[in-house]
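Only one structure is covered here, and it is reproduced in the block below.
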2 protein chains.
Amino acid sequence: MAGPPRLTDPSRAAGEMPATPPVPAAPSRATIIDVAAAAGVSRQTVTRAMNGMSGISAATKERVLAAAERLAYRPSRFGRGLVTGGDHQLGLVVNDLRNPYSPQLASAVYRLAAEQGWNVMLADTTLAGDADRIVQALGSQTDVVIGYLGNRRERWTELLGSVPMVELDPSVDPPTAAVWIDPAESIEALADHLVATGVRHPVVLDNSQPGQPSARGVLMLDALHRRGYLPELVHGPHGTAECGAEETARVLARRRRLDAILAFNDVMALGVLQACRRAGVDVPGDLRAVGVDGLPLGALVSPTLTTLAVDLDAVAREALDLALGMLAGELPRSGATVQRTVRHRLLVRESA
Amino acid sequence: MAGPPRLTDPSRAAGEMPATPPVPAAPSRATIIDVAAAAGVSRQTVTRAMNGMSGISAATKERVLAAAERLAYRPSRFGRGLVTGGDHQLGLVVNDLRNPYSPQLASAVYRLAAEQGWNVMLADTTLAGDADRIVQALGSQTDVVIGYLGNRRERWTELLGSVPMVELDPSVDPPTAAVWIDPAESIEALADHLVATGVRHPVVLDNSQPGQPSARGVLMLDALHRRGYLPELVHGPHGTAECGAEETARVLARRRRLDAILAFNDVMALGVLQACRRAGVDVPGDLRAVGVDGLPLGALVSPTLTTLAVDLDAVAREALDLALGMLAGELPRSGATVQRTVRHRLLVRESA
DNA sequence: CTGAAAGCGCTTACAG
DNA sequence: CTGAAAGCGCTTACAG
């Protein structure tokens, strides 16, 4: 970038009309042409040297590489990609890398993608103030996108334009292609389990705003109602352990009778456990706690966390299968919706 | 992809010599030319419509967009990038997304990068069987790379070629540019703390192979030695909670006197806590446990984990600063090494 | 072993 | 409001 215009320029002879200001051009990157010139060879000889191709003498190669080094030459990924077609690039949209769920999912996606020779670009939409830009950038750099769109689905689908997209765990009406992560059956199993273990007064700790319970929270409430419970719904705005602990402390202080908390996810449930410890409430003796996700983390705490586990390898597999199918033109890109479902399963550990 | 060659082709007149087999060309992506032809306009009119530029009538725009939709047209990122220069792209190499340390670091890097308008590509080198390919792909798609190279530094530096690189937490001799993460001072503070709390028989649980202790393990042993301890060194091959628990169980079974375990990282320390619970060993009453990293996770378990915390925001900031400086040509790309240091600090919680 | 030519798909001035 | 021309940086045949 050029600095502010100088009012006087000592190198300029007095009286001369100032032509273009003496701004040194931005140190633009060396191109293959520059290297060719510096090494006294043609472009394709530079290509041969840089890419370790045959048909070049050792001496020439060395001379070219030296010139490249000297000029800090790097082949443009665009120039190369234009002619080679480039690698396959998968975009993955996650909510917040700081919630262990995201890296766990990302990990599964990366592994499967790598097996297919695909590269992965990750976008974290919670971290960035400017999530819209991030999503758009992701779309423009990738061949297909999979991930969580949450309540910004419409906007982001727009931004993604014609990039094929597989939505993970959509909240409502079916989009083009999606992998549903369905807790319904496991929630029934959990409710039965709570009945069997003598729970009387359960609370659902949702990650939501008042008046807008999550689909998951609604399913939990409903399953409990159908079994004769009168469950309370608590709204936790953040889905973090801190938030889980805070809301739990509040409920514990307020309610006399309360012997189970069903948290929106494992991380919030960890907060539940922490708040119970602080309040001297024994889990599972006095109160049973349950999370959702099945993170490995839940097996490391004490008591170990009972949870509705989801097989993230399966989610990744279905999503990739869908994505690759759409690209190959085997599946519709729009119109008829293509969907897969992965179900949670009840994983009983110590906390309930 | 074409199917197997058909032996008979009903559409071909009998007796005709089979010319090229009737293989439908792979459904190659539509280009701007195809869209222009379909809409009956020129290429740059298509550009105007696709990019929401001015100087195009509503009717034309609509016609072009319809044609684009019909042909499933997506602008090539290479064609566009070649002329626009493309977005800045940062590569980040991490060890294993399943260790919470990695997403924590990635999270910090993503946030800072996004603030600067940079995109980030992540490579997980532990997951992929084919880490070399992943690293090379990362290098060819990005403008600068930062991350963990571990003991494969030499090979990967080679693969990265002329991509500017900032190494995180290098193990030995200084590479081109690096951010050191230095636990030395915090280890001294920790050793003093252990002395003050009356520890007599500490064990260092390293993440290493026998005969090749980590630099961190060596510092711990040395600090303990200098204070008159005779610490034992235990090698944990994996750096995971499972591994930490396993080695701890083994040591507990073998050693009579043992009142502190200094683990290589927080995740292993979580395994230590778990093994102690199972063995009925009270922490910190019977045994003190310490981790390294300062993961938020350590505050969620009971007892909360005493640790040597590292400020990952600072690490990310220094690394990005170095990387951007190298790109801007303000810092040397090779020769003189450029380095920064971020120090751990002792974070005393409940476990020690 | 080396080079001249063509072309990948797009955008940016510039003319009309 | 629309289009003809040039060019971004590279690689892939093809000639020599």
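Both backbone and side-chain heavy atoms feed into the values below; hydrogens, waters and symmetry mates do not.
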Inset, instruction - May I ask you to decide if A39(A)'s main-chain N or O and R63(A)'s side chain share a donor-acceptor pair within less than 3.5 Å? - result: yes
Inset, instruction - May I have the distance from R77(B) (atom CZ) to dG9(D) (atom C1'), rounded to whole angstrom? - result: 16 Å
Legend entry - Pairing pattern in dot-bracket form [Watson-Crick, G-U; both distances under 3.5 Å; | = partner strand] for DNA chain D: |||.||||||||.|||
Inset, instruction - Output, in order, the C-alpha distance, side-chain angles, deciding distance and verdict of side-chain contact (heavy atoms from CB on, under 4.5 Å) for L149(B) and M165(B). - result: CA-CA 10 Å; L149(B) 265 38; M165(B) 161 84 204; 3.3 Å; yes
Inset, instruction - In whole angstrom, give the distance that lies between atom CZ of R29(A) and atom P of dG9(D). - result: 9 Å
Tabulated below should be each protein N or O lying under 3.5 Å from an N or O of nucleotides 11-15 of chain C; please produce it.
| from | atom 1 | to | atom 2 | distance (Å) |
| --- | --- | --- | --- | --- |
| dT11(C) | OP1 | N51(B) | ND2 | 2.9 |
| dT11(C) | OP1 | R80(B) | NE | 2.9 |
| dT11(C) | OP1 | R80(B) | NH2 | 3.1 |
| dT11(C) | OP2 | T47(B) | OG1 | 2.7 |

Legend entry - Donor-acceptor contact below 3.5 Å, side chain Y110(B) vs main chain L122(A): yes
Legend entry - Criterion side-chain contact (heavy atoms from CB on, under 4.5 Å) on S76(A) and L82(B), from CA distance to verdict: CA-CA 8 Å; S76(A) 152; L82(B) 197 52; 4.2 Å; yes
Inset, instruction - Take V109(A) and L320(A), measure what side-chain contact (heavy atoms from CB on, under 4.5 Å) needs, and give me the verdict at the end. - result: CA-CA 8 Å; V109(A) 171; L320(A) 248 67; 4.1 Å; yes
Legend entry - Spacing between L82(A) atom CG and dG9(D) atom P, to the nearest angstrom: 12 Å
Inset, instruction - Give a yes or no answer on whether the side chain of R317(A) reaches the backbone of L112(A) with a donor-acceptor pair at less than 3.5 Å. - result: no
Inset, instruction - Please check the phosphate of dG3(D) (OP1 and OP2 only) for any side-chain N or O of S42(B) closer than 4.0 Å. - result: yes
Legend entry - Phosphate OP1/OP2 of dG9(C) contacted by T31(B) side-chain N/O (<4.0 Å): no
Inset, instruction - Give a yes or no on whether the backbone of T126(B) and the side-chain of D96(B) come within a donor-acceptor separation of less than 3.5 Å. - result: no
Inset, instruction - Look only at the side chain of R29(B) and the backbone of R74(B), and say whether a donor-acceptor pair between them is shorter than 3.5 Å. - result: yes
Inset, instruction - Apply the side chain to side chain contact (heavy atoms under 4.5 Å, CB included) test between H88(B) and each candidate in D143(B), N119(B), L324(B), T142(B); give the one that qualifies. - result: D143(B)
Inset, instruction - Report yes or no: does T125(A) contribute a side-chain atom to a donor-acceptor pair with the main-chain N or O of V94(A) at less than 3.5 Å? - result: yes
Inset, instruction - Strictly below 4.0 Å, heavy-atom distances to any atom of DNA chain D: list the hits from residues 55-66 of chain B, or just say none. - result: G55(B), I56(B), S57(B), T60(B)
Legend entry - T45(A) vs dT2(C): side-chain N/O to OP1/OP2 distance below 4.0 Å: no
Inset, instruction - Sort out for me which residue in D34(A), L65(A), V41(A) forms a side chain to side chain contact (heavy atoms under 4.5 Å, CB included) with V46(A). - result: V41(A)
